[in-house]
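Counting convention: from 1, in listed order, for ligands and their atoms alike.
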Amino acid sequence: MDAPSRPTYIVLLGAPGVGKGTQAALLEKALGIPHVASGDLFREAIKQGTELGRLAKSYMDRGELVPDEVTIAMVRQRLAEPDCQRGAILDGFPRTIEQAEALEAALAEEGKAINVVLYIKASEETLLARLAGRWTCRRCGAVYHSLFDPPKEAGKCDRCGGELYQRPDDTPETQRRRIQVYLAQTAPLIDYYRRKGLLVEIDGEGSIEEVQAELMRAIEASRSPRRQIGDEPEAN
Ligand code: AP5
Ligand code: MG
């Protein structure tokens, strides 16, 4: 797909483990705009040992959301960086209505707007199977799965050679809590964006390649001149 000529802001919405991070990394390559993941920004802050990292860890370890105020400030700062001026693929943000309103306001200040919200759906059984086998690179954050997307060499990142680890918030208990928190606090965004005519539902049950192809089709359709922001929502 050609690089977008005007800024393109894509939101990936979906439950923990549905594949947002996996897909965002592929979209970053295909579209040439950065992958901005609030969870990755928090994990980086934890690695750096900053005050933000310490605060975020206390929530993440329990599977709870980090408070809106700090999350919004962190993502706004990231979106103000030069590489995000042509757009971004947002993964894991927004996660509450307050975050969604703050994002909209921040983009509007610069005459920008979200182009499309891609809502990736999968059953709880699928989510838990994906989370249980996930391995993440300690150095570059690349994501693998022991069965569905294994690294060439066990324990080692294909991309950078870094060590693979299992996220501390991937204990069975925290996984379940993250799914509950998603249903209570993030799922309302589905209707929020549907009402704005921005939501496209994506079947997340397929292989990584199948989901990627469906996402690319939806992005292509959202760029069609027939469908501009502010149009009436499309019938589903
Ligand atoms: P975050 O890091 O965003 O975690 P999450 O939403 O719980 O989502 P995950 O990263 O677990 O799943 P994913 O959808 O990215 O799936 P992945 O691609 O890895 O947030 C962590 C914590 O940070 C939160 O709990 C909260 O405390 C805090 N936080 C973050 N953002 C916040 C915000 N905005 N506000 C407040 N707090 C915030 O895939 C999962 C596995 O499945 C991988 O192993 C992958 O290889 C495999 N896989 C992917 N796709 C497929 C497929 N199609 N078929 C087979 N396997 C697949
Ligand atoms: Mg993720």
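What sits closest to atom 28 (C) of ligand 1 on the protein, heavy atoms only, is M60 CG, 3.7 Å. Nearest protein heavy-atom contact of atom 19 (O) of ligand 1 is R134 NH1, 2.6 Å. The protein atom (non-hydrogen) at minimum distance from atom 35 (N) of ligand 1 is Q99 NE2, 2.9 Å. Protein heavy atom closest to atom 42 (O) of ligand 1, with residue, atom name and distance, is R130 CB, 3.1 Å. Among protein heavy atoms, the minimum distance from atom 4 (O) of ligand 1 is reached at R167 NH2, 3.2 Å. The protein non-hydrogen atom at the shortest distance from atom 27 (O) of ligand 1 is E64 O, 2.6 Å. Nearest protein heavy-atom contact of atom 13 (P) of ligand 1 is K20 N, 3.5 Å. For atom 31 (N) of ligand 1, the nearest protein heavy atom (residue, atom name, distance) is S38 OG, 2.7 Å.
Residue contacts with ligand 1: F42 is placed with no nitrogen or oxygen under 3.5 Å of a nitrogen or oxygen of the ligand (distance criterion only). Looking at Y144 next to ligand 1, an N or O pair under 3.5 Å apart turns up. Ligand 1 has no N or O atom lying under 3.5 Å from any N or O atom of P16, backbone or side chain. Backbone and side-chain nitrogen or oxygen atoms of R95 are examined, and one is located within less than 3.5 angstrom of a nitrogen or oxygen of ligand 1. Inclusion of G21 in the set of residues having an N or O under 3.5 Å from an N or O of ligand 1 is warranted.
Looking at heavy atoms from C-beta onward, L52 lies in side-chain contact with F42 at the 4.5 angstrom threshold.
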Discussion item. Apply side-chain contact (heavy atoms from CB on, under 4.5 Å) to residues L107 and I114 and explain how you reach the verdict.
Written reply: CA-CA 8 Å; L107 292 176; I114 295 168; 3.9 Å; yes
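Ion pairing of R167 with D61 is absent here, as no side-chain N (NZ or NE/NH1/NH2) approaches a carboxylate O to less than 4.0 Å.
By heavy-atom distance, the residue among G206, A100, A122, P150 lying nearest atom 53 (N) of ligand 1 is G206.
Geometrically, R62 engages Y59 in a cation-pi contact defined by less than 6.0 Å to the ring centre and at most 45° from the axis.
Listed for the K20 side chain is a donor-acceptor partner under 3.5 Å among the backbone atoms of G14.
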